[in-house]
Amino acid sequence: MKKLAILFCFFSAGTLFAAGGGGGSIFPIRTSMNGQKPAAYTCDTFKSGAFTGQTGVPLTTGASACPGGACTNPGYFAPYWETYQFKNTLLQPQCITISWTAQTAATCNISFAYTGTGPILLWTPTAAPCYGPPINMGSPGAVCMGTNVRYSLTIPECSPFTVFLANNNGSRNTYDLNIFNDKGDPAAIGCLGAECKKLITIGGTPVPTMTQWGLFIFGLVLLTFASVAIYNFAQRASVKE
Amino acid sequence: MNNFIKLFAFVCMIFSVSMVNAQASKTATVAPDGLIVLDASTDLASEYVANISRFNFASFQEASTYFDKYISKTAGRGMSFFFDIPNQKMIIYIDAANQGLVPRKASGQVTAAELNFFLNEVHKGRI
């Protein structure tokens, strides 16, 4: 019985470490730009479609860095497009870097991102809408993505943002999407309904708070220890009698 | 008289071909750090020639290794690089109609300035 209790303790502790205090990363998200929601993208906010005629989408003037890029809008073609929506799960602004990588360079695909979940603004010959403040916009500038491209923008605290990927001309590609924070680690982001967390900073080192899952598993471990202690106490009491 | 007209037509043809060739080729520059810049003062040309004597490449292999980041990022996408090592020249060919380096706009043609932006991004390692 004692061995069983010890085994249970090890199992509980192992589960706690595996959970990492609250869930794994959904990145990289691999898309084949075929209209199908990528398997790794577990959020339910995937959209795809096609623009026809003289419509187009804006890109930034140059490669954007935090807080965001200046928008230019000559109207870039996007006959096939898809969008991903995420949320900054920190209770503070987060500078994120959006990274797309592919094995081989296709002809021309483009990407941009913007804060919020608003609709994609489209170019028309008579008007040239751009994303402007308070919306932050990011893109690698007016370049085709090639095999590896990255750009940054700042997402306000506990706020959503949208990542746009489109085919401009020629063949579509298969890309892996990663989103990093300004230290190069995976960014603290989730689906739109994700809970926001507060980072507690001690001596300059951010300490993440325990999530609900972490608390649950921690409680389970405590319960196991308590059970073993009570069992041992009962055994000793019965031996004495 | 007939022969004179033929001779005149031939001379005109040679002259016009040489004029076309002279117009087709424009200048590109290569900075000491390897950044390639196309002449953006006029419309995009199909051919640019850059002087690469400052690098003193001894072989085609040496030159292509140095410019590999450009060659690999543009392969099959409408821009190609050739090296004339004896004359220390680099020739850049651009297929504007089929390029996949800068996105197509809803209006307008690709410009040398737009391709320079792409080359600059490649040079900085952002693409």
Side-chain angles (χ1 to χ4, degrees), chain A residues 51-65 69 72-79 81 97-102 104-112 122-128 139-152 165-173, chain B residues 28 31 33-41 43-46 48 64-81 92-127:
Chain A
F51 296 138
T52 53
Q54 289 291 298
T55 53
V57 296
L59 294 173
T60 54
T61 313
S64 67
T72 181
N73 197 338
Y76 295 100
F77 279 112
W81 60 269
T97 296
I98 292 164
S99 165
W100 294 101
T101 53
T104 54
T107 39
C108 192
N109 299 298
I110 56 175
S111 174
F112 65 84
L122 296 178
W123 178 91
T124 66
T126 52
S139 94
V143 290
C144 305
M145 289 162 59
T147 54
N148 193 334
V149 76
R150 50 176 53 205
Y151 56 93
S152 302
L165 171 68
N167 174 240
N168 174 262
N169 71 75
S171 57
R172 301 175 197 170
N173 211 342
Chain B
D33 64 353
L35 172 65
I36 299 171
V37 181
L38 308 178
D39 175 13
S41 61
D43 290 344
L44 184 69
S46 57
Y48 288 83
S64 61
T65 301
Y66 184 81
F67 291 105
D68 181 63
K69 62 183 175 187
Y70 296 107
I71 295 167
S72 61
K73 299 291 181 188
T74 57
R77 301 172 67 194
M79 186 181 282
S80 45
F81 297 82
I92 305 163
Y93 291 108
I94 294 165
D95 182 358
N98 299 305
Q99 66 83 26
L101 307 171
V102 295
R104 278 177 62 210
K105 291 172 289 196
S107 60
Q109 295 290 315
V110 61
T111 65
E114 289 169 337
L115 288 176
N116 279 340
F117 178 74
F118 174 87
L119 293 169
N120 190 46
E121 294 300 288
V122 171
H123 178 67
K124 288 178 178 169
R126 288 205 282 244
I127 299 176

Fill in: L101(B), part contacting chain A, at a heavy-atom distance under 4.5 Å
backbone

Response to the item:
Listed by number, the residues in residues 70-80 of chain B that come under 4.5 Å of chain A (heavy atom to heavy atom) are K73(B), R77(B)

Fill in: Over all atoms of both residues, closest heavy-atom pair of E121(B) and P140(A)
OE1-O, 4.0 Å

Discussion item. Do N169(A) and P103(B) have side chains that approach each other closer than 4.5 Å (heavy atoms only, starting at C-beta)?
Written reply: no

Fill in: Nearest heavy-atom neighbours spanning F118(B) and V143(A)
CA-CG1, 3.9 Å

Discussion item. According to salt bridge (charged side-chain N to carboxylate O under 4.0 Å, His left out), does anything in residues 108-120 of chain B pair up with another residue at least two apart or in another chain? List the pairs.
Written reply: K105(B)-E114(B)

Response to the item:
Applying a strict 4.5 Å limit to non-hydrogen atoms, the region of S171(A) in contact with chain B is neither

Worksheet entry | N148(A) side chain vs I127(B) backbone, donor-acceptor pair below 3.5 Å | no

